[in-house]
Amino acid sequence: MPATTADTASQPAPDGVRHQPATNGPRHIAIIMDGNGRWAKRRHLPRVIGHQRGVEAVRRTVRAAAEMGLAVLTLYAFSTENWRRPEDEVSALMGLLKRFILADLDEFAENNIRLKIIGDMAGFSPEIVAMLGNALARTAANTGLTVVVALNYGSQDEIARAARAAAAKGAITPETISAELDTADLPPLDLMIRTSGEVRLSNFLMWQAAYAEMLFLDVLWPDFGRDQLEAAFAEFARRDRRYGGR
Ligand code: IPE
Ligand code: IPE
Ligand code: MG
């Protein structure tokens, strides 16, 4: 039977029976939100406008993911390499992060959304660390969608930190490293999406992506939303995951 998206699964069938949501849908989706700069450049606008529109795409995508019953949405917001950008762009991104937390935390709290941060918080200002700590505490008991924001995140940094922690406790094995990753408490990554047409991981979830399905889209991040997320669910349902077996 062909799999349905969560959306079509909730429609009554011609026989009037309301079918169960697809059970083969992804539980954990990660997105490399790329293309804000190009979106702005095409419109002869400053890059920061592209980042602002990118925040709106985050809002749309979080709402859609919650409504579609996704368990975990992991968003690559700032990489360990993004500090290489000009200082004005880095500070504009930090400003957007602060504003996003102030403006959207109530909606997260009301909609049973749990916030989680991955990456190395040591890289951030005390003000941002305190804001994030407060946001985490406010949503910690929520049981709906988990939104994981990757900040000052790099997969190589994460694996090195995890390997050090595992070594301090004893044997280094795939299991003991996995147990020390920032994502240790999350379900396995099912689907990795990158927007903007680039076909690379840029140091995102390299360990976790071992058996994730990959979806590279030409759409620029500010143009992403519910339609693209639904199409990604449908594409995922068409994939045949084998995990090396047969
Ligand atoms: C992604 O958009 C946002 C961040 C990396 C923070 P970019 O700013 O990388 O946009 P492009 O790739 O230059 O178009
Ligand atoms: C990856 O995008 C990081 C985020 C989306 C936060 P980049 O734009 O930084 O990646 P590269 O430099 O094109 O590989
Ligand atoms: Mg980019």
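Counting convention: from 1, in listed order, for ligands and their atoms alike.
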One thing to verify: whether E89 and R47 come together as a salt bridge, which I'm taking to mean a side-chain N less than 4.0 angstrom from a carboxylate O. yes
E198 near the Mg ion (ligand 3) via N/O/S, less than 2.8 Å: no
Does the gap between the ring centers of W83 and Y153 come in under 6.0 Å? no
L215: which of M192, Q228, R239 passes side-chain contact (heavy atoms from CB on, under 4.5 Å): R239
Where does ligand 2 get N/O contacts under 3.5 Å from the protein, atom by atom?
residue  : atom   : partner : partner atom : Å
ligand 2 : 8 (O)  : D34     : OD1          : 3.2
ligand 2 : 8 (O)  : R85     : NH2          : 3.2
ligand 2 : 9 (O)  : N82     : ND2          : 2.9
ligand 2 : 9 (O)  : R85     : NH2          : 3.4
ligand 2 : 10 (O) : R194    : NH2          : 3.3
ligand 2 : 10 (O) : S202    : OG           : 3.4
ligand 2 : 13 (O) : R200    : NH2          : 2.8
ligand 2 : 14 (O) : R200    : NE           : 2.8
ligand 2 : 14 (O) : S202    : OG           : 2.6

Single hit among K116, Q208, H28 for side chain to side chain donor-acceptor pair (under 3.5 Å) with T183: Q208
Numbering the atoms of ligand 1 from 1, which are under 4.0 Å from a heavy atom of H51? 3 (C), 8 (O)
Below a 4.0 angstrom heavy-atom separation, can you tell me which part of K41, side chain or backbone, both or neither, approaches ligand 1? neither
In D34, which N, O or S atom comes closest to the Mg ion (ligand 3)? OD1
Is it true that D106 and R138 make a salt bridge, defined as a side-chain N closer than 4.0 Å to a carboxylate O? yes
Could you check whether S178 and W207, counting side-chain N and O atoms only, form a donor-acceptor pair closer than 3.5 Å? yes
Using the side-chain hydrogen bond (donor to acceptor under 3.5 Å, both in side chains) rule, take S79 and N82 through it: C-alpha gap first, then chi angles, then the decisive distance, then the call. CA-CA 5 Å; S79 74; N82 285 147; 3.1 Å; yes
Are side-chain N/O atoms of T146 and R114 paired as donor and acceptor at under 3.5 Å? yes
